[in-house]
J.: 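If you scroll down you'll find the structure; I have some questions about it.
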Protein chains: 2
Amino acid sequence: MIDIDLLLSWGAAFKKISAGDIVFNEGQSCFFYHQLVSGTVRWGNIDEEGKECIHAMVEPGESFGEFPLFDDAPFAASAVANEDCVVIRLHKSTFIELLQENSDIHFAFLRLLSKRLRFKFSIIKSFASHCPEKRIATILNHLKSENKNFCGNYFQLNLTRQQIADMTGLRVETVIRTMRNMHTKGELVIKKGKVYCRNMIELTMA
Amino acid sequence: MIDIDLLLSWGAAFKKISAGDIVFNEGQSCFFYHQLVSGTVRWGNIDEEGKECIHAMVEPGESFGEFPLFDDAPFAASAVANEDCVVIRLHKSTFIELLQENSDIHFAFLRLLSKRLRFKFSIIKSFASHCPEKRIATILNHLKSENKNFCGNYFQLNLTRQQIADMTGLRVETVIRTMRNMHTKGELVIKKGKVYCRNMIELTMA
DNA sequence: CAGTTTTTATGCGTCTGGTCATAATATTCA
DNA sequence: TGAATATTATGACCAGACGCATAAAAACTG
């Protein structure tokens, strides 16, 4: 999101995080702006029974956990390194100064949060439908529009069914079964367990 | 949100909208900043079968439909006057100028969008649980924290069960039944069909 | 105040996603 | 390469939300 050299010139520092480790936890106070440099981060809530609700898979270049920077409340969700990661961090107060100095970046964050809310709207709409296929298609289409993992014309999904389940509020078994159906209907391709999709998934409802 | 006199000094204009009329529609291009002066507005999506998915009930003083101002995409949801309304509107380009001139307001919108996203996170978390009671409690607690309709110590809910259903992705019947249960368990009070709640709803799960 | 409409209430059968169990693949790593 | 682990796959059963029907109670309306 923000140019790394610019961040460094304002005093930002890199931090390594090993796979499975916590970047920050829901409920904690926030002292830094966080931006992912390499690896991937799961950003979500974990309930009492250990069930995860993933709000986003953070990719390199993206910022995450910014709400507390703007509304001064604690972290709304936890960030866990999905694989070995490098994060660049800038002190909260410095970050605010940076925004004040740099109108473009300031507007960029309004744009970012707007896009996020847009995505949340579509998620909630699909959740309201109760249809597993819609929920999954919404996530898949979003990931596809964001992502760059294309093998030929096919977008390759790098998430496990469990992670899809945690992003859609469904059970693994339901996700597996539903995606098999979608494969049968030709909405996506499953080869050796891996999922590929070509076009925007238009649901062919019964 | 923004001071009305300030808006007027920048050339904003009032607009009356009758109950049931559309303020703007999902998919349309956006040319104005919208802020509600009086009345209430349902902000949500309506699917093919006419089923509504309400993302927020807008109260006087609140802005709505701002995403397109920042990310230049069409409206993500439609706004319908829930009762007779007055809206104050400012041209998009003027609004952007206003933000550039006024750093406080600029930051206020970052805060606003952050709070919205926070709320959406909690909604999605509750949707993932599949438990009607959790979904309803999440909405109720949010409305309570936002709202001012207190009769004594009791917050009075001014929404129909249908509207709660449209905000929680449940059916009316499910909402009615679930809220009756919550009444029985003492989590809220229903008198003559009207719903009142006192404290934060802490769910007493079976 | 009677008549109409909206909202709340309740019963019942159906359908589907959750749950648990078990097995077959893939993948990882020594 | 083979053993251990993680992931995907599939069957069977069940709880609970949905969907429809019908009725009762509130809230409007003239």
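Letters A, B, ... mirror the listed sequences (proteins, then strands); counts begin at 1. Keep in mind the model is a prediction, meaning the values are calculated, not measured.
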J.: Is the distance from OP1 or OP2 of C:dT8 to the nearest side-chain N or O of B:Arg180 less than 4.0 Å?
T.: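 It does not, given that no N or O in the side chain of B:Arg180 lies less than 4.0 Å from OP1 or OP2 of C:dT8.
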J.: Provide, to the nearest angstrom, the distance between the CG atom belonging to A:Asn181 and the C1' atom belonging to C:dG17.
T.: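 The answer, rounded to whole Å, is 13 Å.
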J.: Rounding to a whole Å, what distance do you find between B:Arg161:CZ and D:dA26:P?
T.: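 B:Arg161 atom CZ is separated from D:dA26 atom P by 12 Å.
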J.: Measure from CZ on A:Arg171 to P on C:dA21 and round the result to the nearest Å.
T.: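 So the CZ-P distance, A:Arg171 to C:dA21, works out to 16 Å.
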J.: May I have the distance from A:Ile136 (atom CD1) to C:dG17 (atom P), rounded to whole angstrom?
T.: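 Value for this atom pair: 10 Å.
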J.: Hey, which of these two, B:Ile190 or A:Lys194, hits DNA chain C nearer its 5' end, going by closest nucleotide?
T.: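 Closest to the 5' end, via its nearest nucleotide, is B:Ile190.
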J.: Starting at the 5' end of DNA chain C and moving along, which residue's nearest nucleotide shows up first, A:Leu170 or A:Lys192?
T.: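 Going by which nucleotide is closer to the 5' end, it is A:Leu170.
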J.: Write down the distance between NZ (A:Lys51) and C1' (C:dG18), rounded to a whole number of angstrom.
T.: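 One finds 10 Å between C1' of C:dG18 and NZ of A:Lys51, rounded.
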J.: Before we go on, tell me: are the rings of A:Phe67 and B:Phe121 under 6.0 Å apart, centre to centre?
T.: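 Between B:Phe121 and A:Phe67, which both carry aromatic rings, the centre distance is below 6.0 Å.
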J.: I'd like to know if B:Glu173 reaches the base of D:dC18 with its side chain such that a donor and an acceptor end up less than 3.5 angstrom apart.
T.: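 Side chain to base: no pair below 3.5 Å.
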J.: Roughly how many Å is it from CD1 in B:Ile176 to P in C:dT10, rounded to a whole number?
T.: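 So the two atoms are 9 Å apart, to the nearest Å.
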J.: Closest approach to the side chain of B:His130, judged atom by atom: which nucleotide of D:dA17, D:dT7, C:dG18 is it?
T.: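 It is C:dG18.
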J.: Can you tell me if A:Ser18 uses its side chain to pair, donor with acceptor, with the backbone of A:Asp21 under 3.5 Å?
T.: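 No, A:Ser18 side chain to A:Asp21 backbone: no donor-acceptor pair under 3.5 Å.
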J.: Would you say the ring centers of A:Phe64 and A:Phe24 fall short of 6.0 Å from each other?
T.: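 That pair passes the under 6.0 Å test.
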J.: Hey, can you tell me if A:Phe109 and A:Phe95 have their rings parallel, tilted or perpendicular (30° and 60° cut-offs)?
T.: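 Because their plane-to-plane angle is over 60°, the rings of A:Phe109 and A:Phe95 count as perpendicular.
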J.: Do the charged groups of B:Glu52 and A:Lys125 touch, with an N to O distance under 4.0 Å?
T.: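 Result for this pair is no, no salt bridge flagged.
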J.: When you measure from the side-chain N and O atoms of A:Thr160 to the phosphate of D:dT7, is any distance below 4.0 Å, counting only OP1 and OP2?
T.: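 Negative; the distance criterion is not met.
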J.: In whole angstroms, how far is the P atom of C:dA9 from the NZ atom of B:Lys191?
T.: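 B:Lys191 atom NZ is separated from C:dA9 atom P by 14 Å.
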J.: Round to a whole Å and report the spacing from CG of A:Leu157 to P of C:dA26.
T.: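 Value for this atom pair: 17 Å.
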J.: Quick one: on DNA chain D, does B:Gly193 or A:Leu159 contact a more 5' nucleotide (nearest heavy atom)?
T.: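 Its nearest nucleotide being more 5', the pick is A:Leu159.
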J.: Within the modelled atom types, does a donor on one side and an acceptor on the other bring the side chain of A:Arg177 and the base of C:dG18 under 3.5 Å apart?
T.: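 Answer no: no donor N or O sits under 3.5 Å from an acceptor.
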